[in-house]
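In what follows, chains carry the letters A, B, and so on, assigned in the order in which the sequence lines appear, proteins first and then strands, with residues in each chain numbered from 1. What's counted below: heavy atoms across the whole structure, side chains too, no hydrogens, waters or symmetry copies.
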Protein chains: 2
Amino acid sequence: MPEPTPTPGETKARRRAGRPMAAVLDQDGITAAALELISKKGYDGLTMAALARSLGVAPSALYNHVSSKDEVLKLVEEDLMSKVDFGGFSTLPWEEAVRQWAYSYRGIFARHTPLISVIAVLPVTDAPQTLAMYEAVTEGFLRAGFPEQQIIPSIVALEAYIFGAAFDANAPADIFDSGRLADSTPHFTSAVRSLGPERNNYPSDLAFSMGLDALITGLGALRV
Amino acid sequence: MPEPTPTPGETKARRRAGRPMAAVLDQDGITAAALELISKKGYDGLTMAALARSLGVAPSALYNHVSSKDEVLKLVEEDLMSKVDFGGFSTLPWEEAVRQWAYSYRGIFARHTPLISVIAVLPVTDAPQTLAMYEAVTEGFLRAGFPEQQIIPSIVALEAYIFGAAFDANAPADIFDSGRLADSTPHFTSAVRSLGPERNNYPSDLAFSMGLDALITGLGALRV
DNA sequence: TGAGATAAATGAACGTCATTCATTTATTGG
DNA sequence: CCAATAAATGAATGACGTTCATTTATCTCA
């Protein structure tokens, strides 16, 4: 082992001679600032320039601690993962635990949909918070009696649903307004109207609950 | 009605005097060129400049037919929607029809995940292909015996799952490699390994099939 | 007590985008 | 043939992410 194989997401930390300038920045500070910026200005407002400004620093300074904007997004993602509530898997019946986890997961990422395209494809290697969540969820599935080979596919299926539902949660209330094409889509238009007397009845929450119940029932049947 | 309320996605078409220059461009041509560009260079390669070049035209010329790059994406989306196979809803049993539709839908958008964030939030108003799909699916649900109020939420839930699964389908095979953190996630790591002797066993297809079955069973139970 | 060595921060660049706009070009109806 | 119309052009703009040579601050070691 010539080198301790520096992690991709990790930035240098040598031990030799002569110490550097007092560090104003670090990854935690950058992550926190990014989260605050996102909550105030949204993902459009998250630019390297704005991030630097909020830290009182020049944009180029960020690149001493982060290799790209994409790495900032990964840091934010890991932070969010640590906020997902998977505690139920060690205390509640499996069905309840899944429900609690899924609602928490969706709730958090509904406000961070731009991260989903990153997460869904991001290796969990060296993503400790994400791994911790998977470990807890896996344990919960084992305890509930799932055969080992069914667990990962079940989690993947649930996550797919949760991510999709997170997008949904941001849809405008009138997303299903068929407008002047209503006449050519009578059944659909009627079904939309049946949800309530007025338009503006996008059933994001109801749909999430229904689909989640279906998944829990269907996947739960895989237990031995 | 002073003006026929020009559709947002629609670009001018007046009737007065004097006809314009011979049109080299139109929305259909732009859509086709965009699709070809995407298939060749991916979504990173889809720039207004590249699109214009592939049409033998200056970038600014596109803006006579399209109000923004976002509108190009909407045109592409509509085109893709027309390729989703919902034919089973008029010929097959409900379960089979849903399965066929879901596989087709996922297959198409797995190669167009950057569109998902757009679609999931895009009003269907004046999206004829999308509406046609919803109408056919709704009819299928009615024919299968679903109460009207359950139909839209069921479709929304299925779509959420399909979109999430489309992201999944692009995940690298080693996405679940826990690397050097494997020791701290024994159950998860073991569950991953149980999928096959080697790593590289991301169960995207298996997971999709399992979750879809669960949804079909669970939602199917809502029929009267 | 300096003299490197080290890393952090700076500011000025670059290249890539989407988009705008004044202008020119082509077409056609009156 | 003129006036009107819309399409296409090319130059310009303003974000944005990122790079790089340089400067600044700090610590270790001689």
For the pair made of [atom1] in [X] and [atom2] in [N], what is the distance, rounded to whole Å?
X       : N      : atom1 : atom2 : value
A:Leu25 : C:dT10 : CG    : C1'   : 12 Å
A:Leu62 : D:dC20 : CG    : C1'   : 16 Å
A:Arg53 : D:dC16 : CZ    : C1'   : 12 Å

B:Phe208-B:Tyr103 aromatic ring centre distance below 6.0 Å: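 So the answer is yes for these two rings.
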About how many Å separate CG of A:Asp70 and CG of A:Leu75, when rounded to the nearest 0.5 Å?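 The distance works out to 10.5 Å.
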From A:Leu212 CG over to A:Ile162 CD1, what is the distance, rounded to the nearest 0.5 angstrom? 7.0 Å
Would you say the base of D:dA8 and the side-chain of B:Asn64 have a donor-acceptor pair closer than 3.5 Å? yes
For DNA chain D, determine which residues of residues 33-40 of chain B have any heavy atom closer than 4.0 angstrom to one of its atoms, and list them numerically. none
My understanding is that only residues two or more places apart in sequence, or in another chain, count here; which of them pass salt bridge (Lys or Arg N to Asp or Glu O under 4.0 Å) with A:Glu139?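 If we apply the salt bridge (Lys or Arg N to Asp or Glu O under 4.0 Å) test to A:Glu139, skipping adjacent residues, the hits are A:Arg143.
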For B:Lys83, the salt bridge (Lys or Arg N to Asp or Glu O under 4.0 Å) test, sequence neighbours excluded, returns B:Asp79
Could you tell me whether a side-chain N or O of B:Thr125 sits under 3.5 Å from a main-chain N or O of A:Asp177, the two making a donor and an acceptor? yes
Given side chain to side chain contact (heavy atoms under 4.5 Å, CB included), test B:Ile116 with A:Phe163 step by step and report yes or no. CA-CA 11 Å; B:Ile116 293 180; A:Phe163 288 149; over 6 Å; no
Under 4.0 Å between a side-chain N/O of A:His65 and OP1 or OP2 of C:dA7, yes or no?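 Looking at the OP1 and OP2 atoms of C:dA7, neither is under 4.0 Å from any side-chain N or O of A:His65.
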Check whether any side-chain heavy atom of B:Arg106 sits under 4.5 Å from a side-chain heavy atom of B:Asp205, and report yes or no. yes
Counting C-beta onward and ignoring hydrogens, is there a side-chain heavy-atom pair between B:Val121 and A:Thr113 closer than 4.5 Å?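 They are not in contact (no side-chain heavy atoms under 4.5 Å apart), so the answer is no.
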Could you pull out the protein-nucleic contacts involving nucleotides 23-26 of chain C (nitrogen or oxygen on both sides, under 3.5 Å)?
none

Return each pair, listed once, that meets side-chain hydrogen bond (donor to acceptor under 3.5 Å, both in side chains) where at least one residue sits in residues 44-58 of chain B; pairs must be two or more places apart or across chains.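 Passing the test, one end in residues 44-58 of chain B: no pairs.
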Mind listing the N/O atom pairs, protein and nucleotides 16-19 of chain C, below 3.5 Å?
residue, atom, partner, partner atom, Å
C:dA18, OP1, B:Met48, N, 3.4
C:dA18, OP1, B:Lys69, NZ, 2.9
C:dA18, OP2, B:Met48, N, 2.7
C:dT19, OP2, B:Tyr63, OH, 2.8
C:dT19, OP2, B:Lys69, N, 2.8
C:dT19, O5', B:Tyr63, OH, 3.4

Check whether more than 12 heavy atoms from other residues, nucleotides or ligands sit under 6.0 Å from atom CZ of B:Arg99, and answer yes or no. yes
